[in-house]
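Structure, as structure tokens:
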Amino acid sequence: MTYRARREVLHRSLGVDDGVILWMGATLQPRNYPDNPYMPFRQDSHFLYYVGISVPNVAVLSFPDGKEILFGHPIAMDTIVWEGPQPSLEERAQEGELSSWEDIRALQGYLAKVDNLLYLPPYLGSTTLRLCSLLERTPEQVRHGFSEALAQAVVAQRSCKTEAEVEAIEEALALTSEMFHEAMAMTQPGLPVPSLLGHFYKRVREKLWDFSFTPIVTHHGETLHTHDYDDSLESGRLLLVDMGVETPSGYASDITRTWPIDGEFTIRQRDIYNVVLQSQLDAIGAIRPGVTYRDVHLVAAQTIAQGLIDLGLMQGNAQDAVAEGAHALFFPHGVGHMMGGDVHDMEDLGDRVGYVSGESRSSQFGLNFLRLSRPLETGYVVTVEPGIYFIPALVDMWHSEHRLASFIRYDVVASYLSFGGIRIEDDVLVTPGGARVLGLPIVKEVEDVETMMNVDHAPGL
């Protein structure tokens with residue numbers, strides 16, 4: 001009784017704010033016309049968590065007294081002709097542990113009789129328009145008419161992962177681990193990036209799974225979220241791969257590794273890599289219940305600052321440098337985010353997920369990109385992904401403004417502008433006593449990475 005139990009817990013947690021909850025499933029999103037949608041279909045993650053039905057164009061009403069109704073389209077012969085036999089609405093309702101079901105055309109009539117309707121803020125335009133029609137409201141009224149109490153209750157319930165959810169994440173990580181090790185063995189100068197990307201797609205599609213986000217595969221690691229694959233791997237550079245998959249139930253992995261295209265780190269690459277690795281290890285070591293993720297981020301930032309001081313790229317006191325934000329020239333993003341039923345779990349609900357009520361994001365560059373700041377709790381699954389990047393445009397701008405020049409040795413940094421970037425990321429469970437890195441180990445020590453790159457175990461090579 002997984003889904004029904006989750007809905008019952010949610011209703012109880014709402015207390016005086018309890019009402020009739022409307023769960024809107026997602027619709028197919030057209031590429032260019034309605035009968036040519038993006039596939040495979042991806043259900044709304046809240047709907048998956050509370051209902052578990054992964055088909056488009058369905059909705060659920062959940063009443064405080066336990067009454068629950070699935071609304072969907074009866075199976076028409078035209079649908080069978082084009083798509084084959086389909087489960088009935090009754091079978092779908094049983095799948096979601098719902099006691100009754102009706103034609104979706106009846107939904108508006110039910111909604112007209114509801115005094116206290118609760119729904120989450122819609123993030124898809126198609127969902128907003130469906131709500132406009134159902135509730136006879138304008139888009140602006142729909143966007144502002146959601147239930148804040150429901151959003152907060154969902155965040156509180158979904159943030160702490162159950163044992164079954166952790167197992168699903170580790171199932172995704174098992175495939176991810178294989179793919180990363182295969183990719184390391186495939187890497188060599190001259191290899192077209194699309195060949196590596198195609199291998200990832202083959203491995204994911206042969207399981208009938210999907211990616212949890214569009215993969216980043218690049219030797220331009222200084223561009224944090226590049227999706228430009230139109231090049232070949234260059235000798236002397238580093239390859240950064242940020243990639244994750246998701247299971248059919250929607251649970252995700254999110255891993256980043258960086259390795260030398262030639263199979264061996266140069267001295268300069270090794271030095272910067274080891275600073276990033278130590279930063280990640282220190283951040284993981286700082287994780288425990290009650291510690292804010294902002295403080296975990298600052299631990300990672302201070303290790304990076306001290307490492308760069310030791311290498312001569314920064315100067316002064318590391319703690320002072322971090323307080324002023326000087327490290328953000330090299331580490332301009334947050335150390336991680338919540339992960340689970342989405343790669344950025346529940347971030348459609350905004351900063352309710354990452355920040356406690358009344359806390360706002362910092363205005364300091366770098367720290368303002370921190371997605372998770374709140375105190376950690378047992379059961380949270382978070383990414384830990386510090387990095388060091390040499391972004392020429394950013395360095396040039398800061399240098400021209402003499403920004404934080406008491407901490408940054410711009411003359412030394414100038415010799416690193418073609419370096420690229422390094423990021424190392426794992427998925428971590430907050431435990432009662434600290435933290436556990438989830439999944440099978442994916443090599444990240446320098447010697448282990450170099451050894452893995454010389455193991456001929458990638459299939460189809």
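Since we're looking at a predicted model, the values are computed, not measured. The figures that follow rest on heavy atoms only: side chains count, while hydrogens, waters and symmetry mates do not. Heads up: numbering here begins at 1 and tracks the sequence.
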Item checked: Side-chain ion pair, Asp210 and Arg205, N-O less than 4.0 Å -> yes
Item checked: Side-chain donor or acceptor of Ser133 paired with backbone N/O of Arg130 under 3.5 Å -> no
Note to self: For a side-chain contact (heavy atoms from CB on, under 4.5 Å) check, start with the C-alpha distance between Cys160 and Thr378, then their side-chain angles and the critical distance, and finish with the verdict.
What the structure shows: CA-CA 7 Å; Cys160 295; Thr378 299; over 6 Å; no
Margin query: If I take atom CG from residue Leu429 and atom CD1 from residue Ile287, how far apart are they, to the nearest 0.5 angstrom?
Written below: 9.5 Å
Item checked: Side-chain donor-acceptor pair present, Gln278, Asp282, cut-off under 3.5 Å -> yes
Notebook entry, point to check: Is any side-chain heavy atom of Gln306 less than 4.5 Å from a side-chain heavy atom of Asp310?
Noted result: yes
Check: Heavy-atom distance under 4.5 Å between the side chains of Val296 and Val299, does that happen here?
Finding: no
Next item on the list: Could you tell me which non-hydrogen atom of Ile169 sits nearest to which non-hydrogen atom of Ala252, and how far apart they are?
Entry: CG2-O, 3.5 Å
Next item on the list: Without swapping roles, check the side chain of Glu97 against the backbone of Thr2 for a donor-acceptor pair under 3.5 Å.
Entry: yes
Note to self: Holding to salt bridge (Lys or Arg N to Asp or Glu O under 4.0 Å), I want the full list of residues that pass it with Asp351, two or more places apart in sequence or in another chain.
What the structure shows: Arg361
Next item on the list: Start with the C-alpha distance between Met243 and Val217, add both sets of side-chain angles, then the distance that settles side-chain contact (heavy atoms from CB on, under 4.5 Å), and finish with yes or no.
Entry: CA-CA 8 Å; Met243 184 266 297; Val217 184; 5.9 Å; no
Next item on the list: Side-chain contact test, heavy atoms from C-beta onward, threshold under 4.5 Å: evaluate it for Leu238 versus Pro260 and give yes or no.
Entry: yes
Margin query: Let me confirm one number: the CD-CG distance from Glu167 to Leu173, rounded to the nearest 0.5 Å.
Written below: 13.0 Å
Check: Any donor and acceptor pair, going by atom type alone, linking the side chain of Asn368 with main-chain N or O of Gly366 inside 3.5 Å?
Finding: yes
Next item on the list: Could you walk me through whether Tyr50 and Tyr3 pass the ring-ring contact (aromatic ring centres under 6.0 Å, His included) test, one step at a time?
Entry: CA-CA 5 Å; Tyr50 288 103; Tyr3 302 113; 9.2 Å; no
Notebook entry, point to check: So do Ile442 and His181 actually touch side chain to side chain, heavy atoms under 4.5 Å?
Noted result: yes
Note to self: Which heavy atom of Phe47 sits nearest to which heavy atom of Trp23, and what is that distance?
What the structure shows: CE1-O, 3.5 Å
Note to self: Could you tell me if the side chain of Phe211 sits less than 4.5 Å from the side chain of Val343, heavy atoms only?
What the structure shows: no
Margin query: For His225 and His227, take the angle between the two ring planes, folded into 0 to 90°, and tell me which bin it lands in: parallel under 30, tilted 30 to 60, perpendicular over 60.
Written below: tilted
Margin query: Under a 3.5 Å cutoff, is there a donor and acceptor pairing between the side chains of Gln152 and Glu148?
Written below: yes
Check: Quick one: CE on Met339 to CG on Asp427, what's the gap to the nearest 0.5 Å?
Finding: 3.5 Å
Next item on the list: Would you check if the side chain of Tyr49 reaches a backbone N or O of Arg6 as a donor-acceptor pair within less than 3.5 Å?
Entry: no
Next item on the list: Go through the steps to decide whether Arg92 and Val58 satisfy the test side-chain contact (heavy atoms from CB on, under 4.5 Å), and finish with yes or no.
Entry: CA-CA 10 Å; Arg92 293 295 189 193; Val58 292; over 6 Å; no
Notebook entry, point to check: When you check the gap from the basic side-chain N to the acidic O, do Glu246 and Arg42 get nearer than 4.0 Å?
Noted result: yes
Item checked: Atom CD of Glu163: over 12 foreign heavy atoms under 6.0 Å -> no
Next item on the list: Just jot down the salt bridge (Lys or Arg N to Asp or Glu O under 4.0 Å) partners of Glu165, sequence neighbours excluded, or say none.
Entry: none
Item checked: Arg352 side chain reached by Met346 side chain, heavy atoms, under 4.5 Å -> no
Note to self: Tell me whether Asp228 contacts the main-chain N or O of Asp230 through its side chain, where contact means a donor paired with an acceptor under 3.5 Å.
What the structure shows: yes
Note to self: For residues 387-413, which residue pairs pass the salt bridge (charged side-chain N to carboxylate O under 4.0 Å, His left out) check, not counting sequence neighbours?
What the structure shows: Glu401-Arg403
Notebook entry, point to check: Would you call Arg436 and Asp426 a salt bridge, using N to O less than 4.0 angstrom?
Noted result: no
Next item on the list: Heavy atoms only: give me the nearest Trp209-Leu175 pair and the separation to one decimal.
Entry: CE3-CD2, 3.7 Å
Check: Out of Leu308, Thr258, Leu329, which one pairs with Ile388 under the side-chain contact (heavy atoms from CB on, under 4.5 Å) rule?
Finding: Leu308
Notebook entry, point to check: Testing Leu372, Asp348, Val155 for side-chain contact (heavy atoms from CB on, under 4.5 Å) with Val353, which one passes?
Noted result: Val155
Check: So, Ser177 side chain and Ala174 main chain: donor-acceptor pair closer than 3.5 Å or not?
Finding: no
Margin query: Please tell me whether Glu450 and Asn454 have a donor and an acceptor in their side chains that are separated by less than 3.5 angstrom.
Written below: no
Notebook entry, point to check: Which pair of heavy atoms, one from His220 and one from Thr226, lies closest together, and at what distance?
Noted result: O-CG2, 4.3 Å
Checklist line | Candidate pair Val193 and Thr218, rule side-chain contact (heavy atoms from CB on, under 4.5 Å), full reasoning | finding: CA-CA 7 Å; Val193 171; Thr218 184; over 6 Å; no
Margin query: Is a donor from one side chain sitting under 3.5 angstrom from an acceptor on the other, for Glu385 and His337?
Written below: yes
Note to self: I'd like to know whether the aromatic ring centres of Phe331 and Tyr389 sit less than 6.0 Å apart in this structure.
What the structure shows: no
Notebook entry, point to check: When you measure from the side chain of Gln364 to the backbone N and O of Ala323, does any donor-acceptor pair fall under 3.5 Å?
Noted result: yes
Margin query: Check this for me: does any side-chain nitrogen of one of Glu359 and Arg294 sit under 4.0 Å from a carboxylate oxygen of the other?
Written below: no
Item checked: Any side-chain heavy-atom pair of Ile53 and Val60 under 4.5 Å -> no
Notebook entry, point to check: Do Ser232 and Glu234 have a side chain donor and acceptor closer than 3.5 Å?
Noted result: no
Next item on the list: Hey, could you give me the CD1/OG distance between Ile21 and Ser147, rounded to the nearest 0.5 Å?
Entry: 8.0 Å
Next item on the list: In plain terms, say whether Glu447 and Arg270 are close enough for a salt bridge, that is, a side-chain N and a carboxylate O under 4.0 Å apart.
Entry: yes
Check: Any side-chain donor-acceptor pair under 3.5 Å between Asp342 and Ser45?
Finding: yes
Note to self: Restricting to non-hydrogen atoms, name the atom on Val335 and the atom on Ala283 that form the minimum distance, rounded to 0.1 Å.
What the structure shows: CG2-CB, 4.4 Å
Note to self: Are the side chains of Ile267 and Asp271 in contact, using a 4.5 Å heavy-atom criterion?
What the structure shows: yes
Notebook entry, point to check: Under a 4.0 Å N-O cut-off, is there an ion pair linking Lys161 with Asp345?
Noted result: yes
Margin query: Please check: side-chain N/O of His399 versus main-chain N/O of Val395, any donor-acceptor pairing under 3.5 Å?
Written below: no
Notebook entry, point to check: Could you give the distance from OG (Ser253) to CE (Met179), rounded to the nearest 0.5 Å?
Noted result: 8.0 Å
Note to self: I need the Asn57 CG to Ser126 OG distance, nearest 0.5 Å.
What the structure shows: 9.0 Å
Check: If only atom types and distance count, is the side chain of Ser400 paired as donor or acceptor with the main-chain N or O of Met397 below 3.5 Å?
Finding: yes
Item checked: Closest contact, heavy atoms only, Asp231 versus Pro194 -> O-CD, 3.8 Å
Check: With under 30° as parallel and over 60° as perpendicular, where do the rings of Phe180 and Trp259 fit, or are they tilted in between?
Finding: perpendicular
Check: Do any N or O atoms from the side chain of Arg371 and from the backbone of Gly334 form a donor-acceptor pair under 3.5 angstrom?
Finding: no
